[in-house]
Amino acid sequence: MKWSWRIGRVAGIDVYFHATFLILLGWVGLQHYLARLNPADAVGGLLFISTLFGIVVLHELGHALTARRFGIRTRDITLLPIGGVARLERMPDNPKEELLVALAGPAVNVALALLLFAVLIPAAARSGLGEVRLVGGHLLVKLMLVNVGLAVFNLIPAFPMDGGRVLRALLALKMDYVRATNIAATVGQGLALVFGFIGLFTNPFLVFIALFVWMGAASEASLVQVKSALGGIPIERAMITDFRTLAPSDPLQRAVEFVLGGFQQDFPVLYEGRLVGVLTRADMLTALAQQGQDAPVSRAMRDRFETADPAEMLDSMLPRLQACECHAIPVLRAGQLVGMLTMDNIGEFLMIQSALRRTTPPKLAVAGLGEA
Ligand code: ZN
């Protein structure tokens, strides 16, 4: 995610926080300070919110580690003001697995709440509940309530909340995946309208959450439509077969001519018939600015790049195209370059398919990675 900074690594997964998270910290600090104009209150508020987000990280790890059990890796975990997002490489296709992955996050909060409850009982028995509040137990009570709140909030049956996935997975046990997603997305958008409406009169933060839920539901529905439209179709039916290639010794000027000529944006670089690199438009522009147009392609190209096989299915390529920060993935058959696959190309393919079937094509632009 753009505007995110890495704060650490847990269980092999990088944890980031998003710039908007700072706004939340600032807001919470200010609110606490303004209540009694006491800087210590602000620090206390910030400590509390930091602990809260530690809990959110544990929640996301619940999803990530359960997904790992099903062989799905997690790219990263990002903290946003509305909570955390674990970017799973993909969502499990099996509804039962998706159900478990979705439930694992809230389950962490339930477990933490029970643990805190167990810690609080003896203290309460020893000195009475009033005393517990005074001797620092107050924070533990707050944290227990936070965990209960997080479990309940996340189980609201609306995408992109875990409850939305739980609902979809339960529906998918009974019907096909696209229909289950559409129903779950509609329920989510209905709830978003209700949140938004209530938020207008009570808490602006609720309007923000409603907006987020609305977009999450829409993007989930279109992602699943795209995936179902692309499932079972091999790459070779949609890849570009008419493309230009460059040699490592070619000057960048040659790539510029190709780009201006309107051919393509990313170029495979071949040396003696073998694919040795990819020159992306972005890398070309950077190199032009730094080294000029006579510099060789080899100094601007990437020598580490993704490739695909023409027999691979198109739906599996979407997350790869989105994750690789490239526009095109070279397609190789037995080591020989036979095509290039781009997002635009997949979009064109969907457009043509739905024109042939006289239906509206699913929107490709909003298709995202699996997020939990
Ligand atoms: Zn979750």
Side-chain angles (χ1 to χ4, degrees), residues 1 4 7 10-18 20-21 24 49 51-70 72-92 94-116 143-172 180-181 184-185 187-188 191-192 195 205-206 208-217 219-220 223-224 368-372:
M1 227 177 270
S4 298
I7 41 171
V10 195
I13 302 164
D14 287 327
V15 180
Y16 293 81
F17 75 91
H18 193 258
T20 50
F21 185 60
L24 179 78
I49 203 99
T51 315
L52 203 149
F53 275 86
I55 293 172
V56 170
V57 171
L58 290 177
H59 170 110
E60 297 305 327
L61 279 176
H63 293 303
L65 297 181
T66 312
R68 186 180 284 179
R69 285 192 48 195
F70 300 126
I72 299 168
R73 282 182 302 172
T74 302
R75 284 182 208 287
D76 49 48
I77 291 173
T78 304
L79 295 178
L80 298 165
I82 34 87
V85 174
R87 285 202 307 156
L88 304 190
E89 215 165 40
R90 60 185 174 85
M91 272 293 157
N94 176 338
K96 274 185 199 146
E97 290 181 3
E98 183 178 29
L99 185 64
L100 290 176
V101 171
L103 283 174
V108 168
N109 296 119
V110 171
L112 285 174
L114 289 175
L115 191 76
L116 286 165
L143 286 179
M144 183 180 80
L145 293 178
V146 157
N147 275 293
V148 173
L150 277 175
V152 172
F153 175 70
N154 276 292
L155 286 173
I156 295 171
F159 286 118
M161 245 72 96
D162 300 330
R165 293 187 188 286
V166 171
L167 175 64
R168 192 250 307 269
L170 289 174
L171 290 169
T181 304
V187 170
L191 281 173
F195 286 165
F205 200 58
L206 210 52
F208 182 56
I209 290 175
L211 205 66
F212 179 73
V213 167
W214 181 275
M215 295 189 309
S219 90
E220 184 69 30
L223 172 65
V224 168
L369 288 164
E371 291 181 352

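The figures that follow rest on heavy atoms only: side chains count, while hydrogens, waters and symmetry mates do not. In this chain, residues are counted from 1 in sequence order. Each ligand, and each atom within it, is numbered from 1 in the order the structure gives.
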Checklist outcome for this item: Sorted by chain and number, sequence neighbours left out, side chain to side chain donor-acceptor pair (under 3.5 Å) with Arg73 holds for Glu89

Item to check | Which residues share a side chain to side chain donor-acceptor pair (under 3.5 Å) with Asn94, sequence neighbours left out | outcome: none

Item to check | Atom name in His63, limited to N/O/S, at shortest distance from the Zn ion (ligand 1) | outcome: NE2

Checklist entry - Could you give the distance from CG (Leu112) to CG (Leu143), rounded to the nearest 0.5 Å? => result 9.5 Å

Next on the checklist: Please give me the minimum heavy-atom distance between Gly62 and Ala104, naming the atom from each residue.
Outcome noted: O-CB, 3.3 Å

Checklist entry - Would you say Asp162 has an N, O or S atom lying under 2.8 Å from the Zn ion (ligand 1)? => result yes

Checklist outcome for this item: The N/O/S atom of His59 lying closest to the Zn ion (ligand 1) is NE2

